[in-house]
Protein chains: 4
Amino acid sequence: MRPAAARIPQEDKRECILAAALELFAERGFHGTPVPLIAERAKVGAGTLYRYFASKEAIVNELYRQKKRELAAALLDGLPLGAPTRQLFHELWLRLGRFAAEHASVLAFLELHHHDDYLDEESRRLEREALMPLQLFVEDAQQKQILKAVQAEVLMALVWGAFVGVMRASKMGLVPLEAAMAAAEACMWEAIRR
Amino acid sequence: MRPAAARIPQEDKRECILAAALELFAERGFHGTPVPLIAERAKVGAGTLYRYFASKEAIVNELYRQKKRELAAALLDGLPLGAPTRQLFHELWLRLGRFAAEHASVLAFLELHHHDDYLDEESRRLEREALMPLQLFVEDAQQKQILKAVQAEVLMALVWGAFVGVMRASKMGLVPLEAAMAAAEACMWEAIRR
Amino acid sequence: MRPAAARIPQEDKRECILAAALELFAERGFHGTPVPLIAERAKVGAGTLYRYFASKEAIVNELYRQKKRELAAALLDGLPLGAPTRQLFHELWLRLGRFAAEHASVLAFLELHHHDDYLDEESRRLEREALMPLQLFVEDAQQKQILKAVQAEVLMALVWGAFVGVMRASKMGLVPLEAAMAAAEACMWEAIRR
Amino acid sequence: MRPAAARIPQEDKRECILAAALELFAERGFHGTPVPLIAERAKVGAGTLYRYFASKEAIVNELYRQKKRELAAALLDGLPLGAPTRQLFHELWLRLGRFAAEHASVLAFLELHHHDDYLDEESRRLEREALMPLQLFVEDAQQKQILKAVQAEVLMALVWGAFVGVMRASKMGLVPLEAAMAAAEACMWEAIRR
DNA sequence: CATGAATGAGTTTTCATTCAT
DNA sequence: TATGAATGAAAACTCATTCAT
């Protein structure tokens, strides 16, 4: 007699659709992905998709928000904010690397879908605000004269950009991920430290 | 004796088409850009486009190669290879910044979009090889113990990624381009120098 | 001894479905009404509908026949056929008006929409025959030289058409129903009387 | 050497589409008519339709306005307003009959598409106003005590409804058109005259 | 050469109907 | 018996490409 776990019906299917869409959007972009292809990959009828989402746009937006939040959580949850800046940076870079390794297409998706026309207001807001806490941490460290006195947004853009650059290089097979990430961390610490 | 000024229209039209396509691809992506829209922006009949290019894909590929080559040329042509590494880096960063400023949508086109399915073999080859000369310069500087002993591809990915990151931040209005670029240069030099 | 109040639900549900379909078909037409919407309005699962009717078409046909019969009954049942023609006409017009007032969407359904492709043979037959008794009454009155010697079908078409016309005008808000109906009766009596 | 009449290109196709849509909408209603069917009947590719109209709705609306105006013109243009009322009525009834005979599906279309949700504001305005001039003529005749002192809208609704009723009866094969129309005219004159 | 009207294959979306529970 | 999630066939609409002029 098992009571509850027997079914996982609706939410399961919803997740399947989102997962399929994520992969496809990451690989081929939003406009390059036909809805029936998402349905097929999700092992679901084409019409079923519209029981869970109002439109294709609703899917990207849901996906964008959900993944942006997951990324923010992966980076920020339980972050030892009291720790020395260098150690915090290490921890962040590590988390970034782990997240990228475990959710490869999430990063591809998030990078690929910057401020596109099909993102709605709420998604755009999240885009701007999700990683805001990091900025406070940066500014704090700057006040302590540990990080360079450069506009916080610039430092963050540098680090994020560099990270994405390395990720992409490794994906192109130019570079082994693990080693590259470790080396890159050291480099980027030099980039931002005072 | 052929009436020189009367003609030239062919090459002219071809350029118009490419220019229009570049802007649109940069703004909306390949799949998000209808051919008739390219034609309209190029002030050319929709059919005319097919007198110059075999297909929409032929346009992206032509564009990709041409712009990739222009970028390589802008970075490499007449580069004072004998100069000190720091100075070379400065020059490269400067050229990068100038290129980005003058050809904003070229960078957007080349980097802010994924060129997956529709790029052909030749374009893919260029993607890998166009900036190869820079790698030699990096490796040379590493041997002279001026740059960090990190896989050259990683250093290049870091710098390129960071540059793109700053560009994007400035495009989002978070950061003033000029100042950001200067600060970023200093940071990234620290990132790669020994 | 069966618990009477507990049951009845079948017929009840069937009626709910028909009632919902009637309203919707009257408002939006057959092709403009999605089956799930009928189910929703009937407060019934979408599948349930198919336990009572073989198809959407089966619903319209059932509805059409039922309502046509109800209309015929409302007009004809207990009609004092022996009364003077003028009085009979008055009674008929009155009944027509009452029926329209009490079953507004029935009239809309029966008359203000075309029922072409989806009506079956039986429904078509009823369409022609339901009001046949009236024709006999008309022809009888013509023989008595009370009504004009015009093909009975024409007289009936005139009266019915005029009635529908006034109904529609009142529905558009151009005209107050009560007064209009009274005036119209007088007019149409002049139209048909000898 | 024929100069101009050689082509009738664009407008011709646009008219074909409208003509095809008119017939189909009259036969099967708006929602019952698939766009590809319109295209086929118009001997035009399905996509072509969208070069001339923004949507299926745009077609009905264009059609509705155009036909409503044609009907108004057929009834009103050159109407001898100075003539005696009886004669005017005769003329109007004649014109109505001629219009119905020559443009059978126009009447069916106009009758079928009353105040439906896909008609836009402009179409609705025309619906109310196109035949307004007739109302003035009616009210004038009432002042001269030639027509009954019944709200003008009611009289018009009666006549129009009766006309439509006869038309429909004749279309169902119950009644020969010519004779019926003549008889009906006499009847309806009695209906409205004082 | 240049065009843009024409098109049908392909896209997103809806909906009548089924079926597992 | 009742349900409503699931579906694929079909609807409205778009767009890369062609071709007559």
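Owing to the predicted nature of the structure, the values given are computational and were not obtained by experimental measurement. Protein chains get the first letters and strands the later ones, always in sequence-line order, with residue 1 at the start of each.
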With a 4.0 Å cut-off on N to O distance, would you call [X] and [Y] a salt bridge?
{"X": "D:R28", "Y": "D:E23", "result": "no"}
{"X": "D:R124", "Y": "D:E127", "result": "no"}
{"X": "A:E122", "Y": "A:R69", "result": "yes"}

Please pick, from [options], the nucleotide with the shortest atom-to-atom distance to any side-chain atom of [X].
{"X": "A:Y50", "options": "E:dT3, E:dT12, F:dT3", "value": "E:dT12"}
{"X": "A:P34", "options": "E:dA16, E:dT12, E:dA6", "value": "E:dT12"}
{"X": "D:V44", "options": "E:dT7, E:dA16, F:dT3", "value": "E:dT7"}
{"X": "A:T48", "options": "F:dT3, E:dT13, F:dT7", "value": "F:dT7"}
{"X": "A:K13", "options": "F:dG4, F:dA2, F:dA6", "value": "F:dA6"}
{"X": "C:K56", "options": "F:dT7, E:dA6, E:dT17", "value": "E:dT17"}

| field | Residue mapping more 5' on DNA chain E - nearest nucleotide basis, C:H31 or D:K43 | value |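 By nearest-heavy-atom nucleotide position, the 5'-most residue is D:K43.
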| Watson-Crick or G-U wobble partner of F:dA12, both distances under 3.5 Å |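 Paired with F:dA12, as far as the under-3.5 Å criterion goes, is E:dT11.
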| request: Would you mind pulling out the nucleotide paired to E:dT21, Watson-Crick or G-U wobble, both distances under 3.5 Å? | output: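 Pair assignment: E:dT21 / F:dA2.
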Gap between atoms [atom1] and [atom2], on [X] and [N] respectively (whole Å):
{"X": "D:R51", "N": "F:dC13", "atom1": "CZ", "atom2": "P", "result": "17 Å"}
{"X": "B:I38", "N": "F:dA16", "atom1": "CD1", "atom2": "P", "result": "8 Å"}
{"X": "A:E40", "N": "F:dG8", "atom1": "CD", "atom2": "C1'", "result": "14 Å"}
{"X": "A:F30", "N": "E:dT11", "atom1": "CZ", "atom2": "P", "result": "13 Å"}
{"X": "A:E57", "N": "E:dT11", "atom1": "CD", "atom2": "C1'", "result": "14 Å"}
{"X": "D:L24", "N": "F:dA11", "atom1": "CG", "atom2": "P", "result": "13 Å"}
{"X": "D:Y118", "N": "F:dA11", "atom1": "OH", "atom2": "P", "result": "17 Å"}

| request: Verify, without hydrogens or angle tests, whether A:D120 (side chain) and A:S123 (backbone) share a donor-acceptor contact under 3.5 angstrom. | output: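 Such a contact is found between A:D120 side chain and A:S123 backbone.
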| said: Counting the atoms with a prime plus P, OP1 and OP2 as sugar-phosphate, which does D:P36 contact under 4.0 Å by heavy atoms, base, sugar-phosphate, or nothing? | reply: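 Result for D:P36 = sugar-phosphate.
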| Sugar-phosphate, base or nothing in reach of D:V35, heavy atoms under 4.0 Å |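 Result for D:V35 = sugar-phosphate.
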| On DNA chain F, nearest-nucleotide positions of B:A46 versus C:L49: which is more 5'? |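 Its nucleotide being nearer the 5' end, the pick is C:L49.
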| Comparing A:G47 and C:G47 on DNA chain F - which has the more 5′ nearest nucleotide |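 With A:G47 and C:G47 compared, the 5'-side residue is C:G47.
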| query | According to the interplanar angle, ranging from 0 to 90°, do the rings of C:F25 and C:F109 count as parallel (below 30°), tilted (30 to 60°) or perpendicular (above 60°)? | reply |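 The rings of C:F25 and C:F109 lie parallel, inter-plane angle below 30°.
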